[in-house]
Amino acid sequence: MCLLFGETSFFIQELKLAEITTIPKVPSHVEGLDEVLEGGLPLGRTAMVYGAAGTGKTVLGVQFIYKTALAGTPGIIVSFEESADALKQNANSLGWNLAELEQLNTLAILTPQIDFQAVVSGSFTLSGLLAMLQERSRTLGARHILIDGIDAMLRLLPDASSQRNELLRFHNWFVEQGMTAIMNTKMHAKLPETPEFPFLEYAADVVIHLSVSRNDPQPSRRLQVVKYRGSGFKRSSFPYTVVPRYGITVIPISMQRVIKNSGERRVPTGHAELDRMSGGGLVKGHSLLIAGPSGVGKTLFVSLFAEAACTRGEKVLLLSFEEGVGQIVASTASAGIDLQSHIDSGNLRLITHLPETAGLETHLYHHVQELRSFSPDHVIVDSITPIGRMADQRAVFEYILRLVALCRQMGATCILTRQVASFSLEDTLKDIEFVSQLDMILSLIYIQESDAVDRALLVLKTRGSGHSNRFHRYTISDDGIRFLPLAGRRPEKETFDGQPIAEE
Amino acid sequence: MNDTTTDIPTRDQGYTLRLFYAGDEPNSSRARANLQVYIRKRFDDSFSWEEIDVLETPAIALQENILVTPTLEIFAAGSSSRVLVFGSLDNKDILDSILPRVDDHARQR
């Protein structure tokens with residue numbers, strides 16, 4: 001139900017986008033973020049980024065200053081927490097050379113030292129600091145500024161009202177100067193989901209929240225825009241990752257939906273019987289889930305499909321979270337399927353990542369890059385089960401949602417396999433929140449007979465076309481998959497529009 | 001630390017005082033007035049101190065890392081470490097306690 005709701009709100013946002021012409025913006029140089037911010041940061045205004053330690057607040061800010069400085073707009077980094085050397089080293093690890101831009105006079109690093117030994121007698125302001133910023137920005141001609149750790153700056157002040165007043169003064173100065181500013185702050189020690197100084201949220205024109213879930217074996221990072229004064233923005237939270245050279249990369253979901261239904265191209269499944277059962281094979285751009293218990297033949301089905309597609313000269317991207325490339329090639333070869341020659345010809349690309357090696361959003365990022373560079377006709381993930389080991393349901397859902405959406409946008413079929421623990425049919429769909437996103441679901445099950453166990457395939461769902469409603473028994477041998485005739489059963493029923501499917 | 005002491009101008013009066021202030025901001029004006037009254041009472045007429053307007057000469061604020069105004073910077077003769085007093089200097093007891101403290105510190109060295 002939640003899903004349906006989510007979809008509606010996407011459309012509402014699209015409508016809003018069309019009506020409102022928003023304020024001038026400057027690209028954030030954070031991949032994917034501009035899509036979320038619908039164009040970028042507000043030009044000459046203040047953005048606030050808050051999040052727990054290790055979420056990448058500094059990276060995001062430095063990324064903006066560095067990349068815009070690289071493009072010729074001077075900017076200042078003011079850091080209260082790190083030394084200039086540490087900042088440069090961290091930037092270097094991402095492939096960004098801050099020192100070079102310092103020499104070119106397009107970037108300056110300011111690290112005001114807070115003297116904690118100082119004695120206080122009477123009232124004071126931060127005019128010294130403001131004078132420092134003014135002086136440095138004047139000599140540099142700065143248009144952008146990052147205040148990294150503004151909470152440290154505010155903590156210098158004795159009470160809430162002077163903190164508010166000083167923040168306002170800095171904010172007003174940014175506005176007067178037409179400076180695009182980013183202020184970073186920590187999370188509140190006690191209040192959940194709240195920045196250290198809650199009034200920062202009111203002062204800023206854009207508020208971005210970075211969070212990290214620490215419950216999973218691989219923490220998943222999420223970015224959410226909390227507010228954007230004078231502009232629309234994408235309201236949901238988005239996974240992000242930190243990649244060398246690119247820095248923070250947000251992975252927004254494509255809002256574009258392929259509406260065209262006419263002229264849809266059918267893709268053979270690699271098995272004539274299965275094509276017939278599924279009402280003519282797969283549709284290009286559609287997604288398919290093959291679910292079933294271990295050993296029932298999921299990998300065999302997708303390997304047959306991959307082989308058939310590559311033989312037709314189509315490109316297949318096979319993503320695996322379990323077995324290595326060699327293992328996959330060898331095990332399918334024993335079933336008479338030749339993947340190696342298709343790898344050699346360049347039609348098949350096999351990518352294996354152990355799920356534990358990175359957060360799911362990092363895997364997603366790499367898979368998206370792979371999709372864009374290889375532009376395959378078909379994408380196969382065999383299987384999605386291991387990613388459940390290291391991420392929560394929601395992260396898995398997002399991974400699949402984004403992969404399926406991108407495939408749909410690119411017109412590639414997307415085939416996912418999923419292992420279910422038991423033999424029961426309900427288990428096939430249990431805990432799969434993304435069912436409504438999928439166009440076709442095949443369930444492979446074991447059927448217990450009195451003296452044997454058979455395998456059977458059931459088409460559970462196909463979007464937009466009819467399909468068989470029967471369990472189709474099949475055997476696995478060296479020749480691959482063979483469907484057994486539907487002997488002595490009641491006539492097959494059509495589940496889509498009541499038209500029976502002709503039996504061969 | 002010791003080898004930097006030569007960089008610090010030492011005077012017969014025992015202290016080097018610099019007051020960093022911000023134009024005519026109220027607490028800056030008050031600090032200037034308070035400091036003047038305090039020094040007249042405590043030291044003789046020859047005692048001198050420096051006042052620096054960070055709005056006029058922001059480069060000095062940058063160079064000296066002055067974030068807060070008003071800030072009174074105190075160097076004891078022969079000492080390389082500075083003591084900072086933030087604020088309008090309304091409390092004379094604080095200055096009383098700091099100036100001998102800096103004194104002792106210098107003597108110990």
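Quick note on labels: first sequence line is chain A, next is B, and so on, each numbered from 1.
The number of heavy atoms from other shown groups lying within 6.0 Å of CG (A:Asp159) is above 12. The environment of CZ in A:Arg169 is crowded: more than 12 heavy-atom neighbours from other residues, nucleotides or ligands sit within 6.0 Å. Within a 6.0 Å sphere centred on CD of B:Glu56, other residues, nucleotides and ligands contribute 12 heavy atoms or fewer. In this structure, A:Phe199 places its CZ atom where more than 12 heavy-atom neighbours from other residues, nucleotides or ligands lie under 6.0 Å away. Heavy atoms of other residues, nucleotides or ligands lying less than 6.0 angstrom from OH of B:Tyr38 number more than 12.
For residues 121-140 of chain A, heavy-atom neighbours of chain B at less than 4.5 Å comprise A:Ser121, A:Gly122, A:Ser123, A:Phe124, A:Thr125, A:Leu126, A:Ser127, A:Gly128, A:Leu129, A:Ala131, A:Met132, A:Glu135, A:Arg136, sorted by residue number.
Chosen from B:Thr69, B:Leu62, B:Asn27, the residue pairing most often with chain A at heavy-atom distances under 4.5 Å is B:Thr69. Considering only heavy-atom pairs separated by less than 4.5 Å from chain A, the leading option among B:Val54, B:Asn65, B:Leu55 is B:Asn65.
The minimum heavy-atom distance between B:Ile94 and A:Val120, with the atom names listed, is CD1-O, 3.3 Å.
There is no contact between A:Phe116 and chain B, counting heavy-atom distances below 4.5 Å. Heavy atoms closer than 4.5 Å to chain B are found nowhere in A:Leu157, neither backbone nor side chain.
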Query raised in the report: Checking side-chain contact (heavy atoms from CB on, under 4.5 Å) for the pair A:Val119/B:Leu84: CA distance, chi angles, key distance, verdict?
Result: CA-CA 6 Å; A:Val119 183; B:Leu84 300 182; over 6 Å; no
